[in-house]
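Bear in mind that the values here come from a model prediction, so they are computed numbers and not experimental data. What's counted below: heavy atoms across the whole structure, side chains too, no hydrogens, waters or symmetry copies.
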Amino acid sequence: MRTAHARARHQADPQRVFTDPLASKILHLDLDPDALLPPSDDPVARHNIRFVAARSRFAEDSLASAVTAGTRQAVVLGAGLDTFACRNPHAGLTVFEVDHPDTQEWKRQQMAAAGIALPPSLAFAPIDFERDTLAEALDAAGLDRTRPAFFIWLGVTPYLTREAVLATLRCVAGHTAPVEVVFDYYLEPSPAMAPELRAAYEAATRRVAEFGEPWLSHFTPDGLADELRAMKLDDIEDFTGPELLARYLGEATPDADADAFSGHVLRAGRTTAR
């Protein structure tokens, strides 16, 4: 819900980097203009909303490049209320959404109430990790491991253990055909983090823990790159939040110090079949 609200709020940002006309509709906020006011002047809050938007923009731009190269399968892991499958502009691209079956049923209800049709190119891949593996869920949904695929995995890794994150990436890397994945991750908090950012980080840590979804994993860029290369995902791009925003805004962002708080976005791929 928080991520979906960030995407919706971003649509009113004068420095919008990501366009999603369904972001407010799926939340039923399009009938409440006050809910879509621009973010406050709090630089951390503003940066984090833009970061959420920028990571989606980067993932969808990267997917578009993969489609141009011949990919016709996209997998959204932990899809939540993401709307890409309903905005999919790519002819012939099947989008597989992976999530808990209860979450998927709730999403269907949200979509139906908002008048958002289920496109024929969308395939749900329900998974209960207590009973199923990711590979089993994707196989049951019809993902073809012999054809190229692109995975999008946003806003999930901090809530998983390091072992679970790496296991999921190994499953992605086990794809027989060429494969790419875009995901985000958090750094370990820096001892040099500005006091106001550390206070915001600690407050956010407490808040997610109170919701029953504590942050469980952090990575370093070099350490994560080593893990990915060991999986043969050696075509790697890794951006800080400010770097990603600068990519789309064309200039350094004034919230650059918020980098350690919001995290990194990484694309990793393998261009050949195994």
Got a second to check how far [X]'s [atom1] is from [Y]'s [atom2], nearest 0.5 Å?
| X | Y | atom1 | atom2 | answer |
| --- | --- | --- | --- | --- |
| Met1 | His5 | CE | NE2 | 4.0 Å |
| Leu224 | Ile236 | CG | CD1 | 7.5 Å |
| Trp106 | His100 | CH2 | NE2 | 13.5 Å |
| Thr146 | Asp144 | OG1 | CG | 3.5 Å |
| Gln15 | Arg50 | CD | CZ | 4.5 Å |
| Met231 | Leu228 | CE | CG | 5.5 Å |

For residues [X] and [Y], report the shortest heavy-atom separation together with the two atoms involved.
| X | Y | value |
| --- | --- | --- |
| Val52 | Arg7 | CG1-CG, 3.9 Å |
| Arg57 | Val17 | NH1-O, 2.7 Å |
| Ala164 | Leu160 | CB-CB, 4.1 Å |
| Pro101 | Pro126 | CB-CB, 4.0 Å |
| Ser56 | Phe18 | CB-CZ, 3.7 Å |
| Leu81 | Gln110 | CD2-CG, 4.3 Å |

Item to check | Pairing residues for Gln73 by the side chain to side chain donor-acceptor pair (under 3.5 Å) criterion, not counting sequence neighbours | outcome: none
Next on the checklist: Closer than 4.0 angstrom, basic N to acidic O: yes or no for Arg229 and Asp226?
Outcome noted: yes
Would you say that [X] contacts [Y] through its side chain, given a criterion of any heavy-atom pair below 4.5 Å between the two side chains?
| X | Y | result |
| --- | --- | --- |
| Arg145 | Asp139 | yes |
| Leu134 | Leu77 | yes |
| Arg9 | Leu29 | no |
| Met111 | Cys86 | yes |
| Val182 | Glu60 | no |
| Leu187 | His218 | no |

Indicate every side-chain donor-acceptor pair of residues 150-159 with a distance under 3.5 Å to a residue at least two apart or in another chain.
unit_1, atom_1, unit_2, atom_2, d
Thr157, OG1, Asp184, O, 2.6
Tyr159, OH, Arg2, NH2, 2.8
Tyr159, OH, Trp215, NE1, 3.4

What side-chain donor-acceptor pairs closer than 3.5 Å can you find for residues 90-97, not counting sequence neighbours?
unit_1, atom_1, unit_2, atom_2, d
Glu97, OE1, Lys107, NZ, 2.9
Glu97, OE2, Lys107, NZ, 2.9

Checklist entry - Is there a side chain to side chain contact (heavy atoms under 4.5 Å, CB included) between Asp82 and Thr3 once you walk through the steps? => result CA-CA 9 Å; Asp82 185 86; Thr3 300; over 6 Å; no
Next on the checklist: Students often mix this up, so state it plainly: with edges at 30° and 60°, are the rings of Tyr185 and Phe219 parallel, tilted or perpendicular?
Outcome noted: perpendicular
Next on the checklist: Tell me whether the rings of Phe51 and His47 are parallel (<30°), tilted (30 to 60°) or perpendicular (>60°).
Outcome noted: parallel
Checklist entry - According to the salt bridge (Lys or Arg N to Asp or Glu O under 4.0 Å) rule, which pairs have a member within residues 160-172, sequence neighbours left out? => result Arg162-Glu227
Next on the checklist: Has Gln11 got a side-chain atom pairing as donor or acceptor with Pro21's backbone, closer than 3.5 angstrom?
Outcome noted: no
Next on the checklist: Quick one: does any side-chain atom of Asp99 pair with a main-chain N or O of Gly80 as donor and acceptor, under 3.5 Å?
Outcome noted: yes
Checklist entry - Hey, quick one: are Leu216 and Phe183 part of the same hydrophobic cluster, counting side-chain heavy atoms closer than 4.5 Å, chains of contacts allowed? => result no
Next on the checklist: Going by ring pair (Phe, Tyr, Trp, His ring centres under 6.0 Å), name the residues that satisfy it together with Phe239, two or more places apart in sequence or in a different chain.
Outcome noted: Phe58
Checklist entry - Does the pair Asp13 and Ile49 meet the rule for a side chain to side chain contact (heavy atoms under 4.5 Å, CB included), with working shown? => result CA-CA 10 Å; Asp13 190 332; Ile49 288 175; 5.7 Å; no
Enumerate, atom names and distances included, each donor-acceptor pair closer than 3.5 Å involving a side-chain atom of residues 266-273, sequence neighbours excluded.
unit_1, atom_1, unit_2, atom_2, d
Arg267, NE, Glu237, OE1, 2.8
Arg267, NH1, Glu180, OE1, 2.9
Arg267, NH1, Asp235, OD2, 3.4
Arg267, NH2, Asp235, OD1, 3.1
Arg267, NH2, Asp235, OD2, 3.3
Arg267, NH2, Glu237, OE1, 3.3
Arg270, NE, Thr272, O, 3.0
Arg270, NH1, Ala173, O, 2.9
Arg270, NH2, His175, O, 2.4
Arg270, NH2, Ala177, O, 2.8

